[in-house]
Amino acid sequence: MIRYDDTNDTSILQYAKKLEGKSFSEVVKESNKYLNEDGDSVLHEDKAEYYSDTKSKGSLGHLIEEYYFGYDINSNQEADFSKTGLELKVIPLKEVRNKISVKERVVITIINYDTIIDEPFENSHVVGKLSSILMVFYLHDGSGEKLNYRIKNVYHYTVPYEDYLIIKRDYDLIAEKVRAGKAHELSEGDTLFLGACTKGANKSALRTQPNNDVLAMQRAFSLKISYMNYVYSNYVTRKSAPPEKIIKDSTQLLEKSFEEIVLEMLVDYYGKSKSELLDMLGLSYEKEPKNILTIIIYRILGVKTNLAEEFAKANIDVKTIRLNDKNKINEHMSFPTFKFTEIVNQDWTESDLHNIFNEKKFLFVVFEIGSDNEYRLKKALFWNMPMDTLNGPVQDTWQAAKTVVENGLVLKNHGSRTTNNFPSASYNRICHVRPHAQNKDDVYPMPDGTFYTKQSFWLDKSYILKIINGCDK
DNA sequence: GCATGATCATGC
DNA sequence: GCATGATCATGC
């Protein structure tokens with residue numbers, strides 16, 4: 001029985017749309033594929049375990065291929081719907097505090113370090129596999145009962161032209177890094193939409209690389225979680241008005257990288273004071289908001305809110321940094337609080353802190369105070385954390401914090417003040433733990449049932465200073 | 001002046 | 001009410 005025309009994307013999508021609302025066990029049941037003696041469809045006995053085992057991650061995709069679209073599972077590099085070049089991706093969503101977001105990056109294909117150095121993007125497997133994707137989103141409810149997970153949305157994604165141009169540059173950057181013998185230094189934060197994510201049975205799956213004897217972690221091209229979240233919330237479900245783009249004319253991306261364009265937009269304003277900038281931008285406030293410098297940056301970039309489409313897709317955060325009259329930074333840089341009860345159950349690579357610095361890129365914008373006591377725009381730069389810092393000092397701090405929570409806090413009284421034994425600012429001058437709360441009664445529970453003031457990880461101001469002075473490597 | 005603890009301001 | 005970015009306050 002032919003249920004769709006496999007030479008026609010519209011027909012495939014129309015048929016696929018009927019998946020919405022079904023659980024995976026319903027898909028099997030309605031497939032009429034393997035019937036038991038009662039005439040019900042069941043999982044083929046050879047594969048029942050594979051499809052229901054929590055550990056076999058790709059299996060829900062295979063289940064859809066086999067039971068819904070009725071073709072054999074292929075692991076070759078051809079497109080799933082080979083006649084139209086359409087790729088199928090079955091993508092988990094998660095729900096946290098009533099908010100649904102994409103659970104994982106979407107892996108496209110393994111990076112072959114040996115061939116990428118000679119293979120232009122246009123001829124690569126990756127461009128073929130991400131240009132046209134049938135995205136099947138299901139809600140991963142965390143129960144582990146995979147077959148009960150329910151499909152929420154089906155969407156035919158085709159890569160927008162401006163995204164294609166950015167993804168091509170991402171590919172070129174990854175290829176260039178491999179060509180330079182730096183495959184072992186690849187990081188997801190290097191690129192904007194197309195990331196080089198680790199891929200393997202364990203995180204230490206190593207491969208050889210050309211132009212360097214150092215082994216590199218196996219990695220795959222993937223659409224970043226931030227990119228997928230943008231796709232989901234703005235293209236698939238369209239819940240709210242999308243943020244504005246910074247790049248209004250996408251042909252600019254033919255000449256320059258996104259980062260170059262952004263930095264050039266800011267260069268014109270270097271040396272200008274806060275009040276001059278407010279004037280130039282036509283802004284005035286009765287009472288200046290605390291994030292005035294961030295507002296200024298977004299307005300320079302031509303965006304009316306403190307959100308930009310490209311920053312959302314690429315997981316870029318704007319951080320303003322103030323230099324005092326001695327050219328030092330006054331404050332360390334804070335990041336979100338962590339939960340004591342979560343950190344004790346997490347491994348480093350799945351921790352929030354690892355995910356932040358592994359995936360995020362920062363636009364650091366430096367303001368310097370002048371003799372007139374006014375801040376002036378000094379410079380701006382993009383930065384993401386190098387792998388050896390992430391898996392060195394930052395991991396050390398995280399591990400030390402985890403150990404403190406595991407073993408129980410040790411508090412000491414010094415007169416009116418009480419100190420704890422979390423890794424403090426003097427720990428390694430890169431990353432430390434400090435309170436981050438409304439006040440000291442704003443607490444999270446400890447594993448032992450006691451409560452302690454919310455804490456977060458901070459980057460040391462002396463480390464930030466090295467970064468903005470270009471001396472962090 | 002730094003280290004560390006404590007808190008503010010804004011937006012959702 | 002809370003998450004998040006940012007800054008203040010005190011003791012040594």
Side-chain angles (χ1 to χ4, degrees), chain A residues 96-101 226 229 233 239-243 274 283 285-298 303-308 311-312 315-343 352-353 355-357 360 362-367 369 373 375 383 397 400-401 404 409-445 451-465 468:
Chain A
V96 182
R97 280 180 236 101
N98 293 324
K99 204 175 164 297
I100 292 180
S101 61
S226 50
N229 268 321
S233 56
K239 285 240 166 74
S240 51
K274 187 183 75 186
L283 299 172
Y285 294 91
E286 297 265 323
K287 179 176 176 287
E288 267 181 21
K290 212 171 170 182
N291 61 345
I292 184 70
L293 297 181
T294 307
I295 292 173
I296 286 172
I297 296 309
Y298 275 99
V303 176
K304 293 189 200 71
T305 58
N306 294 354
L307 283 173
F311 285 0
N315 199 2
I316 293 172
D317 273 10
V318 175
K319 293 270 191 186
T320 56
I321 296 159
R322 288 154 217 245
L323 296 179
N324 61 28
D325 53 359
K326 299 189 179 57
N327 268 314
K328 292 278 170 58
I329 301 171
N330 286 331
E331 305 291 342
H332 304 296
M333 189 180 280
S334 68
F335 291 87
T337 55
F338 62 90
K339 293 197 169 66
F340 307 121
T341 48
E342 279 178 11
I343 194 171
D352 294 346
L353 189 67
N355 289 345
I356 288 172
F357 292 123
K360 214 174 246 310
F362 296 92
L363 175 59
F364 287 149
V365 187
V366 185
F367 288 85
I369 201 152
N373 219 28
Y375 281 104
W383 178 82
T397 302
V404 167
L409 264 176
V410 179
L411 300 176
K412 277 189 188 148
N413 287 315
H414 305 266
S416 63
R417 295 189 323 137
T418 309
T419 57
N420 63 45
N421 59 331
F422 277 118
S424 63
S426 52
Y427 182 72
N428 62 13
R429 302 286 163 195
I430 303 272
C431 180
H432 64 266
V433 172
R434 285 232 312 293
H436 195 169
Q438 295 299 308
N439 54 50
K440 67 178 169 22
D441 299 323
D442 186 14
V443 294
Y444 278 139
F451 292 88
Y452 195 62
T453 315
K454 292 176 183 172
Q455 306 280 316
S456 72
F457 291 96
W458 299 64
L459 286 186
D460 198 286
K461 57 188 175 183
S462 64
Y463 178 54
I464 303 289
L465 192 63
I468 63 178

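Note that the structure is a prediction, hence the values are computed from the model and not measured. Each chain gets a letter, A, B and so on, in the order its sequence line appears, and its residues count up from 1.
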### Task
For the pair A:Asp352 (side chain) and A:Asn355 (backbone), establish whether a donor and an acceptor sit closer than 3.5 Å, ignoring hydrogens and angles.
no
### Query
How long is the gap from OH on A:Tyr375 to CD1 on A:Ile296, to the nearest 0.5 Å?
12.5 Å
### Query
Given that A:Lys326 and A:Ala425 both sit by DNA chain B, which one's nearest nucleotide is further toward the 5' end?
A:Lys326
## Note on the structure
From NE2 of A:His432 across to P of B:dT4 the rounded distance in Å is 8 Å
### Query
Looking for any heavy atom pair under 4.0 Å, which part of the strands does A:Asn306 touch: base, sugar-phosphate only, or nothing?
nothing
### Query
Passes side-chain contact (heavy atoms from CB on, under 4.5 Å), A:Ile321 versus A:Leu465? Steps please.
CA-CA 9 Å; A:Ile321 296 159; A:Leu465 192 63; over 6 Å; no
### Query
At under 4.0 Å between heavy atoms, what does A:Thr294 touch on the DNA or RNA strands: base, sugar-phosphate, or nothing?
sugar-phosphate
### Task
Indicate, with a heavy-atom threshold strictly under 4.0 Å, whether A:Ser456 touches base, sugar-phosphate, or nothing.
nothing
### Contact state string [nucleotides 5-12 of chain B, B base, S sugar-phosphate only, - no protein heavy atom under 4.0 Å]
BBBBBS--
### salt bridge (charged side-chain N to carboxylate O under 4.0 Å, His left out) contacts touching residues 419-445 of chain A (sequence neighbours left out)
A:Asp442-A:Lys454
### Message
Regarding A:Tyr427, tell me which of base, sugar-phosphate or nothing describes its non-hydrogen contacts under 4.0 Å with the strands shown.
### Response
nothing
### Task
Just jot down the ring pair (Phe, Tyr, Trp, His ring centres under 6.0 Å) partners of A:Tyr452, sequence neighbours excluded, or say none.
none
Quiz: residues 328-342 of chain A side-chain donor-acceptor pairs under 3.5 angstrom, not counting sequence neighbours:
residue: A:Asn330; atom: OD1; partner: A:Asn324; partner atom: ND2; Å: 2.8
residue: A:His332; atom: ND1; partner: A:Lys461; partner atom: N; Å: 2.9

### Task
Sort by first number and list every stem of DNA chain B: at least 3 consecutive Watson-Crick or G-U wobble pairs, both distances under 3.5 Å.
B:1-12 with C:1-12
## Note on the structure
salt bridge (Lys or Arg N to Asp or Glu O under 4.0 Å) filter on A:Lys304, not counting sequence neighbours, yields A:Glu244
### Message
Within the 4.0 Å heavy-atom criterion, would you say A:Ser334 contacts the bases, only the backbone, or no part of the nucleic acid?
### Response
base
### Query
Is a donor on one side and an acceptor on the other found under 3.5 Å between the side chain of A:Thr397 and the backbone of A:Cys431?
yes
### Task
Could you check how far CG of A:Asn330 sits from C1' of B:dG1, rounded to whole Å?
11 Å
